[in-house]
Chemist: 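This is the structure I want to talk about, given as structure tokens.
FYI, side chains are in, hydrogens and waters are out, and symmetry mates aren't considered; it's all heavy atoms of this structure. A, B, ... follow the sequence lines: proteins, then strands. Residue 1 opens every chain.
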2 protein chains.
Amino acid sequence: MSQTRHTGPALAAPSDADNRGVIAADGTPMARIERAALVLFAASGIDAVTTRAIATRAGVAEGSIYRHFPSKEALARALFDAIHGRLYELVEDAITGAGNDFEAAVAQVVAVYCEAADRDRTLFEYHLTHMFRFGRIGSPGRPDPTALIVKRINQAMTEGDCPRGDAELKAAAALGVVLQPAAHRMAGRFSFGLSQQTDSLARASLAALRAA
Amino acid sequence: MSQTRHTGPALAAPSDADNRGVIAADGTPMARIERAALVLFAASGIDAVTTRAIATRAGVAEGSIYRHFPSKEALARALFDAIHGRLYELVEDAITGAGNDFEAAVAQVVAVYCEAADRDRTLFEYHLTHMFRFGRIGSPGRPDPTALIVKRINQAMTEGDCPRGDAELKAAAALGVVLQPAAHRMAGRFSFGLSQQTDSLARASLAALRAA
DNA sequence: AGCGAATGAGTGAACGCTCACTAATTCGCT
DNA sequence: AGCGAATTAGTGAGCGTTCACTCATTCGCT
């Protein structure tokens, strides 16, 4: 085939201790393209960022972008899928790790989001601001952290750990308790690390779940 | 002056009984431009929508857009300010109307958001998806519903209606309980009216405020 | 006839993307 | 180990297209 091979985003392995986030931090052109695109996309939105600007910031030629990604849109999607997929794994681990303890599960999931928001703020903000573009439901097989949470809430309802109700609505409300503060921080409403508020937000999230 | 006069968005008066939302529903070219732009902006994002597409949908010539708005960006901002300003008024009324009853104030504010989300879904979704573009803090004098909520929470804390804590964080968490379900509905996760869930969400929002 | 509102072809700038080419690396064979 | 062939990564000028916006003209109302 004459088609260029696209190897996908240089995802950091979970074991990559020295890594600041989901995107590989080595100095390869691909990693630099990803990081440059991420920063610009998060700041101005995908459509407002030119491939020229990405290339300049990454210190590569414009054409090099297309050695690794078939299009600007595909680059944007790869970045989104990277953080989305990583959150899926983290939420999965958090829920599994808490066993049958529902309160612990909620606390762990909240902690996952707080830590992700702090660890790589740019990446998380990109995720927040582009959920509407990429996060629509309907792609089966695509990892979906929310689906995991909904499932756990359903389990909690049958086991009596949580009052009955619409699990999707409860999940949304509980998630909102964490994501909206992240959005507010992004808007400049406060500046402390979300991780400092993990306990408080975990309590609030659980309270919302039980009240909704 | 040789400058075209721009009269601003045709906001519906609150007394306009037959009006479906914030944007005037009469058949003037300006109203049709606003509605067309709103629908397209909400569906695809501002940058992805062309002035040609707006004009076509509104049934006017492309040049007519510029008789009413100095630029596409200004049109987009006017639409955002319209819904943002309207929410400010509604939240103000809700809080004032509840007097010293904090629980009632929370319930009323939640009801305001739920009703706004249902009354003109397109407008509310445009608001949700473009908060990141227009909603950054730092423009004093600009109406800001969240600031109202923060103020009311501070009052509740001094009056003992709400445990002490960071009011900005509490406000964000409480708002998240409502806005995230709106976002999830937008993403296709469920389809019922948010107004049906006002009571449930009001309870959850209050619980989050008290637990955070 | 007069005049503001509306028009839509036209404009220059800027966009995403291509492609012919070079440089560097890996491969296969002896 | 040595060496030419093959493959891949990187380049940047340039392409065709599309965009937001303009303005000379037309429309429609009094």
Chemist: D:dA9 C1' sits how many Å from A:Phe69 CZ, rounded?
Modeler: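 Those two atoms, CZ and C1', are 14 Å apart.
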Chemist: Can you tell whether the side chains of A:Asp144 and A:Lys151 come within less than 4.0 Å, N to carboxylate O?
Modeler: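 The answer is no: the pair does not qualify as a salt bridge.
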Chemist: State plainly whether the residues A:Arg133 and A:Glu73 are in salt-bridge range, i.e. N to O under 4.0 Å.
Modeler: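 Yes, A:Arg133 and A:Glu73 are salt-bridged.
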Chemist: Between C:dC17 atom C1' and A:Ile33 atom CD1, what is the distance in whole Å?
Modeler: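 Whole-Å distance recorded here is 14 Å.
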Chemist: So, are B:Arg86 and B:Asp81 salt-bridged, with charged N and O less than 4.0 Å apart?
Modeler: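 Result for this pair is no, no salt bridge flagged.
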Chemist: Between A:Thr129 (side chain) and A:Tyr126 (backbone), is there a donor-acceptor pair under 3.5 Å?
Modeler: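 The answer is yes, because a donor-acceptor pair under 3.5 Å joins these two groups.
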Chemist: Please give the stem ranges for DNA chain D, sorted by first residue number, where a stem is three or more consecutive Watson-Crick or G-U pairs and both donor-acceptor distances are under 3.5 Å.
Modeler: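 Stem segments, range with range: C:1-30 with D:1-30.
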Chemist: So, does A:Ser64 get its side chain near the phosphate of D:dA9, meaning an N or O under 4.0 Å from OP1 or OP2?
Modeler: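 For A:Ser64, the contact criterion (side-chain N or O under 4.0 Å from OP1 or OP2 of D:dA9) is not met.
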Chemist: Between A:Arg189 and B:Asp166, is there a salt bridge with N-O shorter than 4.0 Å?
Modeler: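 Here B:Asp166 does not pair with A:Arg189 in a salt bridge, since their nearest N and O are not under 4.0 Å apart.
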Chemist: Got a donor-acceptor pair under 3.5 Å from the side chain of B:Arg67 to the base of C:dA6?
Modeler: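 In this structure, the two groups form a donor-acceptor pair.
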Chemist: Under the 3.5 angstrom rule, does the side chain of B:Lys170 hit a backbone N or O of B:Ala208 as a donor-acceptor pair?
Modeler: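 Between the backbone of B:Ala208 and the side chain of B:Lys170 there is no qualifying donor-acceptor contact (under 3.5 Å).
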Chemist: Take atom CE of A:Met30 and atom P of D:dA9, then tell me their distance rounded to the nearest Å.
Modeler: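 Between P of D:dA9 and CE of A:Met30: 10 Å.
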Chemist: In terms of side-chain heavy atoms, does B:Ser195 have a donor or acceptor partner in B:Glu115 at a distance below 3.5 Å?
Modeler: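 Absent: no donor and acceptor within the cut-off.
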Chemist: Using ring centroids (six-membered ring only for Trp), state whether B:Phe41 and B:His130 fall under 6.0 Å.
Modeler: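 No, too far apart.
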Chemist: Base, backbone or nothing for each nucleotide of nucleotides 17-22 of chain D, written B, S, -, heavy atoms under 4.0 angstrom, 5' to 3'?
Modeler: --SBBB
Chemist: So, is B:His68 near the phosphate of C:dA5, with a side-chain N or O under 4.0 Å from OP1 or OP2?
Modeler: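 Answer is no, no contact under 4.0 Å.
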Chemist: What's the CD1-P distance between A:Ile65 and C:dG16, to the nearest Å?
Modeler: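 Distance, rounded to whole Å: 9 Å.
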